[in-house]
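Below is one structure; the comments refer to it alone.
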There are 2 protein chains.
Amino acid sequence: MKWDALEDEPCSLARTVAVIGDRWSLLILRECFLRIRRFDVFQASLGITRHLLADRLKKLVRFGVLRRIPYQESPKRYEYILTQKGLDLYPIIMSIVHWGNIHMVDSRGRPMLHEHKNCGRMFDPVMVCSECGEPLTAKAVHVHPGPGARRSSPVHAKAQTPSRRTVRSG
Amino acid sequence: MKWDALEDEPCSLARTVAVIGDRWSLLILRECFLRIRRFDVFQASLGITRHLLADRLKKLVRFGVLRRIPYQESPKRYEYILTQKGLDLYPIIMSIVHWGNIHMVDSRGRPMLHEHKNCGRMFDPVMVCSECGEPLTAKAVHVHPGPGARRSSPVHAKAQTPSRRTVRSG
DNA sequence: GATTGACCGTTCTAAAATAGAACTGTATCA
DNA sequence: TGATACAGTTCTATTTTAGAACGGTCAATC
């Protein structure tokens, strides 16, 4: 399967994986959320080859996750900063970090801690239901084909998208 | 950089990426959460080559995300099912799906809808702070080095891990 | 008893992606 | 004049992946 094919799959996971489903993209995004913006700094902090870095930045820009903004003329220099679409990736990044915090730490403990400025406390991210606010577990979720499913199932046509409590994380 | 090197990085994101940071692992996990368990069924539904599928399943078992369980003797046949560690990946999967739902849908709408059995409603996942319950945004989060950081910073030693409201999703 | 098919992989080769290092080009600084 | 910063591109060797075929065990069928 080619990467391009993933984009066209009738599956939101596959489509997202087409954008961020490789290690370098995820690591680059980690740096973005840590306020890294410039080619050299990405390269130094990640140890990625320049070739791949150029390639991945281009891809993320093409998908609208990053924006390439000139910060000086002559020579032209660009910064890569997160768009709103990119900022919306925050829950993905945080849930990945959280899983690592729980399952991949050594005896020394967590490499990083997160403080919520709103309440001033160290926190973990918790995923809850937009409708009732309860924490989500896989077993408590039922999956229905939606309008964009491969074979449309009129039986389920009454199913509606959730109310607009959807939150953008940025 | 080798994949093995990622595991040893002082970063929970990198360590998690070492486990699930490739497209096939994520797609395999999607199938797992849809109750797929057998080699052939994975292969047929994903279109992955058998070689890679064998390889990825082995990796996920090695990392303790899947468990290989015999379901018949002669010939020995195994199923791959999620461990608790694997079930805990649910928030990652869901946040990936959610981002795709928001940013990668075509005019036909979402391929899938999710119903929360607890409240009976179609929902979106929302990531909130374990301490105050408010939705999280990248800008409202401050990062501190933790005890497992590369260079320990005694200045930040007072920082503590969050209280045990951490929720396992399964 | 031979054949077919299900199941779970392994082996093989060609194509694609990646690593690692060197190179390019503009501009600033000493 | 020479050294340094920045943002890439080019090159070759190695590694990974794709795609197809092959193998082996057992159950069910002819």
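Lettering of chains follows the sequences in order, A, B, ..., and the numbering in each one begins at 1. Computed from a predicted structure; not experimentally measured.
Atom CG in B/D4 sits about 13 Å away from atom P in C/dA19, given to the nearest Å. Between the C1' atom of C/dT28 and the NZ atom of A/K76 lies a distance of 18 Å, rounded to the nearest Å. Rounded to an integer number of Å, the gap from A/I36 CD1 to D/dC6 P is 12 Å. If you take CZ of B/R37 and P of C/dC8, they are 13 Å apart, rounded to a whole angstrom. Straight-line distance from the CG atom of B/L46 to the P atom of D/dG19: 14 Å, rounded to whole Å. One interatomic measurement links the two molecules: CH2 of A/W24 to C1' of D/dT15, which rounds to 15 Å at whole-angstrom precision. Rounded to whole angstrom, the span from the CG atom of A/L27 across to the P atom of C/dT18 amounts to 13 Å. Atom CD in A/Q43 sits roughly 12 Å away from atom P in C/dA19 (whole-Å rounding).
Each of B/V41 and A/G47 lies near DNA chain C, and the nucleotide nearest B/V41 is the one positioned closer to the 5' end.
Between atom CD1 of residue B/I28 and atom CG of residue B/L66 there is a gap of 8.0 Å, rounded to the nearest 0.5 Å.
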Protein heavy-atom contacts under 4.0 Å, written 5' to 3' over nucleotides 9-15 of chain C as B (base), S (sugar-phosphate only) or - (none), form the string BBBB---
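In this structure, A/K117 contributes its side chain and B/H142 its backbone to no donor-acceptor pair below 3.5 Å. In terms of modelled atom types and a separation under 3.5 Å, the side chain of B/Q43 and the main chain of B/I48 share a donor-acceptor contact.
Between B/R56 and the phosphate of D/dT16, there is no side-chain N or O to OP1/OP2 separation shorter than 4.0 Å.
Nearest heavy atoms, A/P125 versus B/M127: CB-SD, 3.5 Å.
The side chain of A/R77 sits closest to D/dA5 out of C/dC7, C/dT18, D/dA5.
Ring orientation note: the planes of B/F33 and B/Y90 are tilted relative to one another, at an angle of 30° to 60°.
Hydrophobic clustering (ILVMFWY, side-chain heavy atoms < 4.5 Å, transitive): B/L6 and A/L52 are in one cluster.
The hydrophobic side chain of A/Y78 is isolated, with no ILVMFWY side chain under 4.5 Å apart from it.
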